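Because the structure is a prediction, the values reported are computed rather than measured. Reckoned from all heavy atoms, side chains included, excluding hydrogens, waters and symmetry mates.
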Amino acid sequence: MDLDKAIGAFFDENGEINLPPFLTLAAMAELMYQSDIAEGGGDKVRMRFWDFSNSREGICIEYTREQINTRIKAVAGRLQQVASIGDRTAILANNSPEYLFSFLGSIYAGMVPVPLYDPTEPGHADHLNAVFADCEPQVVLTNAHSAAAVRRHFSSIPAAERPRILSVDSLPDSLAESYENPMMTEAGKRLSAMRQAAPIDLTAFLQYTSGSTRTPAGVVLTNRSILTNVLQIFTAANLRTPLRLVSWLPLHHDMGIILGAFVTMLGLDNEFMNPRDFVQQPSRWIRQLSRREGDHNVYTVVPNFALELAARFARPAEGEELDLSAIDAVIIGSEPVTEKALTTFREAFEPYGLPVKSLRPSYGLAEASLLVSTPQTENRPLISYFDREELARNRAILVDRGAPSAVAFVSNGQVVTPQQLVIVDPDTATELPDGQIGEIWTHGENTAVGYFDREEDTAQTFRNTLEHRLPESSRAEGAVEDNHWMATGDLGAIVDNELYITGRRKDLIVVAGRNHYPQDIEFTVQAATDHVRVDCVAAFAVPGEDVEKLVILAERDPAAEQSGDAAAIDAIRTAVANAHGLVPEVIRILAPDEIARSSSGKIARRVNQATFLRENAEEGN
């Protein structure tokens with residue numbers, strides 16, 4: 001199948017996205033599949049899952065294009081027997097082919113999947129309970145690996161109140177024959193008639209936020225928002241086919257599930273594993289990126305910490321062959337991208353053919369379906385240096401790398417179009433000129449419609465009006481005058497047409513009227529001592545008698561001894577005072593994995609802050 005031609009059908013003669021009004025993900029997937037089958041692509045292996053649970057070398061489980069489609073329709077056929085169009089299906093499983101079959105099978109059946117965790121992983125029970133109470137899924141989809149843990153999770157609930165549990169790997173292929181296009185069912189026909197009378201965009205799936213400090217919120221992603229963003233990604237990242245995606249991203253995360261689902265739907269090569277298998281041995285990921293016979297364009301998407309982990313533990317042994325020259329893009333997102341991570345990864349793997357321009361620090365969030373910005377010029381990856389004193393005044397002023405006040409920020413490129421991105425003063429809803437720091441707002445058809453059953457939160461995030469645009473060179477040009485601007489909650493600035501993310505509005509540390517970015521302080525902490533574990537620092541402010549006080553939590557490196565904690569604390573205090581003019585109120589060295597993280601593995605500053613305040617209050621009582 002000529003995928004470039006197939007994708008090109010969704011653009012008009014001017015290169016603008018032109019989606020049919022009622023196109024669904026399932027319809028697009030089936031269109032691509034039937035085209036592939038007609039051209040003899042049914043027997044080509046398109047999915048490879050590496051299972052390292054019983055083998056250090058891994059066991060590769062393969063599926064052809066036709067087998068994938070059969071498994072998807074088997075899940076969809078069974079769902080149509082036990083649930084109705086529009087019902088919600090929760091996926092509780094490990095990274096596996098069954099996870100993708102569950103997700104796409106739900107979409108094929110006209111139902112709404114809710115990607116969640118592998119219940120065998122500890123620490124998620126409260127979050128799962130909160131999500132289930134919020135969206136009340138009618139069916140739980142799992143596999144043999146996770147089925148027992150799923151049943152244990154629901155064992156305390158009366159049988160009549162439990163959702164139906166289906167282990168999808170036990171479903172026979174023959175169920176695929178019973179699958180029916182949901183829009184051809186009586187319920188589907190009624191829905192179609194309603195959409196003709198009053199066009200509505202059908203929900204594709206619910207992506208729940210980490211929800212660490214409050215009840216998790218389900219982002220409502222529609223067929224149109226996801227399709228739009230995928231086409232935006234193809235254009236902005238200039239994806240080249242044929243391609244092979246290599247991933248270990250958790251499939252319950254928006255980045256993991258959308259990428260995994262789409263390469264599967266489009267019939268592209270998808271090679272993936274469990275996140276734990278990458279963390280235990282990062283060389284597994286690096287080896288899979290190596291050029292193979294027939295490789296043209298290899299792609300991978302990772303968070304920042306993966307770069308440093310790979311540079312530290314995945315360098316080839318002497319004499320070991322590694323060819324990274326087929327990599328077209330290493331898209332880096334999910335958390336702030338650091339100069340140190342980029343530099344160490346480049347130094348480690350450029351000698352093995354890694355194209356430096358393949359490193360693409362990018363910015364996105366579930367509320368925008370996935371991607372907001374990515375480098376679209378040859379000047380990548382771009383690391384720039386800004387004056388710390390000016391940053392405190394909300395101005396991004398470039399300085400030389402070696403300047404005493406220099407703070408490094410990595411560019412996240414340019415906004416993917418058609419989508420508008422503006423920097424805004426959130427207090428006045430006024431667009432700010434380039435070089436000023438404000439909240440990032442976006443506008444486009446890739447935006448989610450809101451949060452599930454949360455009108456107030458939806459209004460606050462998704463229903464904003466840009467009251468004042470710049471009189472000249474407004475970046476809002478092309479956006480209609482409406483209240484559909486999405487406030488990301490992230491702070492940033494545009495300098496020389498490059499987007500820099502400087503922090504989160506709610507994470508900003510303000511001491512004595514001066515702004516301090518927590519990631520800037522965290523970087524200083526990491527650089528101050530080898531005693532601290534890489535990317536395992538949380539800096540946040542707590543109320544004081546007169547001004548806010550700075551608290552720093554840092555995990556001890558696994559190779560370090562507890563006896564070195566005091567010296568590390570002294571080094572951290574000195575470094576932070578010298579670099580930021582701040583004296584931390586509290587510095588604590590914790591054991592590995594004691595700092596709270598979100599479901600996607602990010603340091604959860606607000607959760608750590610809340611825990612710190614609660615523990616201090618209890619001690620005070």
Sub-6.0 Å ring centroid separation between F349 and F345:
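For F349 and F345, the ring centres are under 6.0 Å apart.
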Between F49 and Y63, is the gap from one ring center to the other below 6.0 Å?
no
Donor-acceptor contact present, side-chain [X] to main-chain [Y], <3.5 Å:
| X | Y | value |
| --- | --- | --- |
| T241 | L243 | no |
| Q419 | Q232 | no |
| D169 | N143 | no |

Residue pair Y108 / N181, side-chain donor-acceptor N/O under 3.5 Å:
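Side-chain D/A pair, Y108 to N181: absent.
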Side chains of N446 and S369: any donor to acceptor distance under 3.5 Å?
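Their side chains do not contain a donor-acceptor pair, so the 3.5 Å distance test is not met.
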Please, which pairs that meet salt bridge (Lys or Arg N to Asp or Glu O under 4.0 Å) have at least one residue in [range], sequence neighbours excluded?
| range | result |
| --- | --- |
| residues 79-101 | none |
| residues 25-34 | E30-K73 |
| residues 294-305 | R244-D295 |

Can you give me every donor-acceptor pair (side chain of residues 350-360, partner residue at least two apart or in another chain, under 3.5 Å) with its distance?
| from | atom 1 | to | atom 2 | distance (Å) |
| --- | --- | --- | --- | --- |
| E350 | OE1 | R346 | NE | 3.2 |
| K357 | NZ | E378 | OE1 | 3.0 |
| S358 | OG | P355 | O | 2.5 |
| R360 | NH1 | P375 | O | 2.9 |

I'd like to check the side-chain contact (heavy atoms from CB on, under 4.5 Å) partners of A236; sequence neighbours left out, ordered by chain and number.
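With sequence neighbours excluded, A236 shows a side-chain contact (heavy atoms from CB on, under 4.5 Å) to T374, Q376, V416, given in chain and number order.
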Residues that R164 engages under side-chain contact (heavy atoms from CB on, under 4.5 Å), provided they are two or more places apart:
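Expected list: R78, V82, L166.
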For the pair D43 and R65, find out whether any cationic side-chain nitrogen is under 4.0 Å from an anionic carboxylate oxygen.
no
Do the side chains of D593 and R533 get close enough for a salt bridge, i.e. N-O under 4.0 angstrom?
yes
